[in-house]
Q: 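Can you keep this structure in mind? I'll have questions shortly.
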Amino acid sequence: MRIFETRRSICILLCAIVDNMMSGILEKFQSPGKGNGVRALKDMSHGLTVMIAEPYVYTVCRIKTACDHCLHRKEKLLRCSQCKVARYCNSHCQRKAWQGHKRECKCLRSTLPNVPPNSVRLVGKIIFKMLQKPDTASEELYTISDLQSHIKEASEEVKDGLRHLATALQHYLKEEIQEISQLPPGFQVLEYFGKVTCNSFTISDGEMQDVGVGLYPSMSLLNHSCDPNCVIVFEGTCLLLRTVKEIPKGEELTISYIDVKMPTQGRRDQLQRQYCFLCDCQRCLLRDKDEDMLAGDAEASREVESSVSRLEELLSQNTAEEALNLCKTLMNRYYLPDKNIYQLKILDCAMDASIDLGLWEEALHFGLRTLEPYSLYYSNYHPVRAVQLMKVGKLQNYQGLFAEAMKTLKQAFDIMKVTHGRDHGQTQQLAELMNDCEANMRGM
């Protein structure tokens, strides 16, 4: 994982460079009807990195096989010999993580065999960090104390959930903190769970797979749009904010808080539930693409939707053959167009299951069927579409379809150089794959 440490050092250096640049291109302002926001002080083209941040705190997704330090996914990881929960690529990552893991380790050990939810671990890490009082560049524009919790606007159901988390935190911290007086001055537990709920970012790897959750306080200034002008991608734990549209001087920078591949009502419900606001962006007002997303027979669509969670569970349990059989049963029983979002989910699961089973032709068949719907829902420049094109292009290349693969991979590269940038590790992997494909074409 020396490569990761090199990239992390580069990221920290870039943070400093971009921080110096931000004073001339971005500013914090009061966005009408939204509160705090960030706007451009000059015209910006698409494909720019305008903000870079390391997390204030972060934790690995507990169901993932990823290193607790660098978040690199790996089949075999070394467990912490004391808590048996934290896992690392190697002793180098473990040593790097120890300063931050030391107090958490004792807490994790005390709750075995149970492992606390991500939000409990995050709030625990916030407490330990605040007690250390370290300076952090992740609070350049906005501090951890500034973050909004939206507790007052939350429903009673949400508040009950937060109270349960607070109880779990008390149990989790009992080895390190026994009295309220030992908490940071003025620390309100429910408030901080609200802050984590509303402000944490899901950290994804190069393939857009969730590997962790982190708090990046300055990035929480960014407001939501279902048709944003920026996207967030990660390089390890390092967050990069990239422009995907031309942004004129004075325009607000926006990101999407959620996956936009869902109907208007679903998006609005999720945003209201988690972030306590009703989205009134143009896409929501026009109910853009709703008809496409729910195309086909309504009853069939509901039946397929009800099976999606079971499919995801099967894949997470590494029962790919059972998952693939269920996908085929659903597709044969319910005839829905591929642009129906639940049918599209089935196709995605079928492709992933086929890859796990080494059924390359079937994987390519399902993958090709996803590309047109992906271009519909992830239009313009979107990292999810770029990664999907890369996966399909890789399958084409593996099966000797070099001309088709090169065409698909070029499409992925055209998007990825905007969404990720040419220097991003994922873009470099894509460039290497294109070189490999080109060499294969010459050797025909």
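All values below come from the heavy atoms of this structure, side chains included, with hydrogens, waters and symmetry mates left out.
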Q: To the nearest 0.5 Å, what is the distance between CG on L359 and CG on L364?
A: 12.5 Å

Q: Would Q396 and T408 count as having a side-chain donor-acceptor pair, cut-off 3.5 Å?
A: yes

Q: Would you say that more than 12 heavy atoms from the other residues, nucleotides or ligands in this model lie under 6.0 Å from the CD of Q30, or not?
A: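 Yes, the 6.0 Å shell around CD holds more than 12 heavy atoms from other groups.
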
Q: Looking at every non-hydrogen atom in both residues, tell me the closest pair between A363 and I355 and how far apart they are.
A: CB-CG1, 3.7 Å

Q: Would you call V60 and L71 a side-chain contact if the rule is heavy atoms closer than 4.5 Å?
A: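 Yes. Closest side-chain heavy atoms under 4.5 Å.
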
Q: Could you walk me through whether S200 and Y58 satisfy the side-chain contact (heavy atoms from CB on, under 4.5 Å) test, starting with their C-alpha distance in whole Å, then the side-chain angles of each, then the deciding distance to 0.1 Å, before giving a yes or no?
A: CA-CA 9 Å; S200 58; Y58 69 97; over 6 Å; no

Q: With a 4.5 Å cut-off on side-chain heavy atoms, are I415 and K410 touching?
A: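 SC-SC contact between K410 and I415 ruled out.
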
Q: Only counting residues at least two apart or in another chain, list the ones meeting salt bridge (charged side-chain N to carboxylate O under 4.0 Å, His left out) with D259.
A: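 Per chain and number, D259 pairs via salt bridge (charged side-chain N to carboxylate O under 4.0 Å, His left out) with K261.
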
Q: Check whether any side-chain heavy atom of F193 sits under 4.5 Å from a side-chain heavy atom of V123, and report yes or no.
A: yes

Q: Which heavy atom of I232 sits nearest to which heavy atom of I255, and what is that distance?
A: CD1-CD1, 3.8 Å

Q: May I ask you to say whether R87 pairs ionically with D68, meaning some side-chain N is under 4.0 Å from a carboxylate O?
A: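 A salt bridge is absent here (no side-chain N lies under 4.0 Å from a carboxylate O).
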
Q: Can you label the angle between the H224 ring and the F277 ring as parallel, tilted or perpendicular, going by 30° and 60°?
A: tilted

Q: Would you check, one step at a time, whether the test salt bridge (charged side-chain N to carboxylate O under 4.0 Å, His left out) holds for R369 with D338?
A: CA-CA 7 Å; R369 288 174 63 181; D338 291 345; 2.9 Å; yes

Q: Using the test salt bridge (charged side-chain N to carboxylate O under 4.0 Å, His left out), find all partners of R302 that sit at least two apart in sequence or belong to another chain.
A: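 Partners of R302 under the salt bridge (charged side-chain N to carboxylate O under 4.0 Å, His left out) test: E299.
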
Q: Excluding sequence neighbours, so at least two apart, what forms salt bridge (charged side-chain N to carboxylate O under 4.0 Å, His left out) with E291?
A: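 Counting only residues at least two positions away or on another chain, E291 forms no salt bridge (charged side-chain N to carboxylate O under 4.0 Å, His left out).
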
Q: Is any side-chain N of the basic residue among R267 and D288 closer than 4.0 Å to the acidic one's carboxylate O?
A: no

Q: Hey, what's the ring geometry for Y275 with Y257, parallel, tilted or perpendicular (30° and 60° as the breaks)?
A: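 If you compare the ring of Y275 with that of Y257, the planes turn out tilted.
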
Q: Go through it in stages, so that I can follow the logic: the residues are E252 and N223, the test is side-chain hydrogen bond (donor to acceptor under 3.5 Å, both in side chains), and I'd like the CA-CA distance, side-chain angles, deciding distance and then a yes or no.
A: CA-CA 8 Å; E252 182 172 7; N223 284 313; 2.7 Å; yes

Q: Taking all heavy atoms of S45 and all of T243, pick out the closest pair and write down the distance.
A: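 Nearest heavy atoms, S45 then T243: O-OG1, 2.8 Å.
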
Q: What donor-acceptor contacts under 3.5 angstrom involve side-chain atoms of residues 318-332, with partners at least two apart or in another chain?
A:
{"residue": "T319", "atom": "OG1", "partner": "L314", "partner atom": "O", "Å": "2.7"}
{"residue": "E322", "atom": "OE2", "partner": "R310", "partner atom": "NH2", "Å": "3.3"}
{"residue": "N325", "atom": "ND2", "partner": "E321", "partner atom": "O", "Å": "3.3"}
{"residue": "K328", "atom": "NZ", "partner": "E362", "partner atom": "OE1", "Å": "2.9"}
{"residue": "T329", "atom": "OG1", "partner": "N325", "partner atom": "O", "Å": "2.9"}
{"residue": "N332", "atom": "ND2", "partner": "K328", "partner atom": "O", "Å": "3.1"}

Q: Does any part of the side chain of V211, heavy atoms only, come nearer than 4.5 Å to the side chain of C61, both counted from C-beta?
A: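 SC-SC contact between C61 and V211 ruled out.
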
Q: Would you find a donor on one side and an acceptor on the other, under 3.5 Å apart, between the side chain of K129 and the backbone of Y56?
A: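 A pair under 3.5 Å: yes.
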
Q: Do S301 and N340 pair up side chain to side chain, a donor and an acceptor below 3.5 Å, judged on atom types alone?
A: yes

Q: Between the side chains of T49 and R242, does any donor sit under 3.5 Å from an acceptor?
A: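 A pair is found: one side chain offers a donor N or O, the other an acceptor, under 3.5 Å apart.
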
Q: Would you check, one step at a time, whether the test salt bridge (charged side-chain N to carboxylate O under 4.0 Å, His left out) holds for R283 with D227?
A: CA-CA 7 Å; R283 279 202 64 193; D227 184 23; over 6 Å; no

Q: Return yes when atom CD of E372 has more than 12 non-hydrogen atoms of other residues, nucleotides or ligands closer than 6.0 Å, and no otherwise.
A: no

Q: Checking C93 against H72 for the side-chain contact (heavy atoms from CB on, under 4.5 Å) test, could you report, in this order, the C-alpha distance in whole Å, the side-chain angles of both residues, the deciding distance, and whether it holds?
A: CA-CA 10 Å; C93 275; H72 178 73; over 6 Å; no

Q: Just wondering, do Q209 and S204 contact through their side chains at under 4.5 Å, heavy atoms?
A: no

Q: Taking T370 as the fixed residue, which of Q343, Q388, R385 is the one that meets the side chain to side chain donor-acceptor pair (under 3.5 Å) rule?
A: Q388

Q: Could you walk me through whether Q426 and F234 pass side-chain contact (heavy atoms from CB on, under 4.5 Å), step by step?
A: CA-CA 10 Å; Q426 189 70 11; F234 292 88; over 6 Å; no

Q: Please check if any side-chain donor atom of Q265 sits under 3.5 Å from a side-chain acceptor atom of D269, or the reverse.
A: yes

Q: I'd like to check Y374 versus L389 (side-chain heavy atoms, cut-off strictly below 4.5 Å). Are they in contact?
A: no

Q: Please say whether more than 12 non-hydrogen atoms of neighbouring residues, nucleotides or ligands are located less than 6.0 Å from NZ in K407.
A: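 It does not: K407 NZ has 12 such atoms or fewer within range.
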
Q: Would you call E251 and R39 a salt bridge, using N to O less than 4.0 angstrom?
A: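 No, E251 and R39 are not salt-bridged.
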
Q: Could you go through Q148 and N199, starting from their C-alpha distance and side-chain angles, then the distance that decides it, and tell me whether this counts as side-chain hydrogen bond (donor to acceptor under 3.5 Å, both in side chains)?
A: CA-CA 8 Å; Q148 300 297 305; N199 295 282; over 6 Å; no

Q: Is the ring pair H424/H420 parallel, tilted or perpendicular, if the boundaries are 30 and 60 degrees?
A: perpendicular

Q: Compute whether any side-chain donor of one residue and acceptor of the other, for T264 and D290, lie under 3.5 angstrom apart.
A: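 Yes.
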
Q: Would you sort out whether V85 and R121 count as a side-chain contact (heavy atoms from CB on, under 4.5 Å), showing the intermediate values?
A: CA-CA 12 Å; V85 175; R121 288 185 70 181; 4.3 Å; yes

Q: State whether K339 and D292 are salt-bridged, where the test is any N-O pair (Lys NZ or Arg NE/NH1/NH2 against Asp/Glu carboxylate O) under 4.0 Å.
A: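 Yes, charged N to carboxylate O under 4.0 Å.
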
Q: Could you name each residue pair satisfying ring-ring contact (aromatic ring centres under 6.0 Å, His included) that touches residues 350-369, not counting sequence neighbours?
A: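 Sorted pair list: W360-Y398.
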
Q: Within 45° of the six-membered ring axis of Y342 and under 6.0 Å from that ring's centre, is NZ or CZ of K345 located there?
A: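 The answer is no, since K345 fails at least one limit relative to Y342.
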
Q: Does the pair E207/R73 count as a salt bridge with the N-to-O cut at 4.0 Å?
A: yes

Q: Could you pull out the closest heavy-atom pair between G194 and I151, with the gap in Å?
A: CA-CD1, 4.3 Å

Q: Find out whether C279 and C226 are in side-chain contact, i.e. whether some heavy atom of one side chain is under 4.5 Å from a heavy atom of the other.
A: yes

Q: Given side chains that start at C-beta, do those of V392 and L371 come closer than 4.5 Å, heavy atoms only?
A: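 Yes - at least one pair of side-chain heavy atoms lies under 4.5 Å apart.
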
Q: With sequence neighbours excluded, tell me which residues meet salt bridge (charged side-chain N to carboxylate O under 4.0 Å, His left out) with D160.
A: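 Testing D160 for salt bridge (charged side-chain N to carboxylate O under 4.0 Å, His left out), a comparison that skips the adjacent residues, returns R163.
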
Q: Would you say the side-chain atoms of T254 pair up with the backbone N or O of N229, donor to acceptor, closer than 3.5 Å?
A: yes

Q: Taking all non-hydrogen atoms of both residues, which atom of C284 and which atom of R268 are closest, and how far apart?
A: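 Reported closest heavy-atom pair: CB-NE, 3.8 Å.
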
Q: Might you point out which heavy atoms bring L253 and L241 nearest each other, and give the distance in Å?
A: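 Closest approach of L253 to L241: CD2-CD2, 4.1 Å.
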
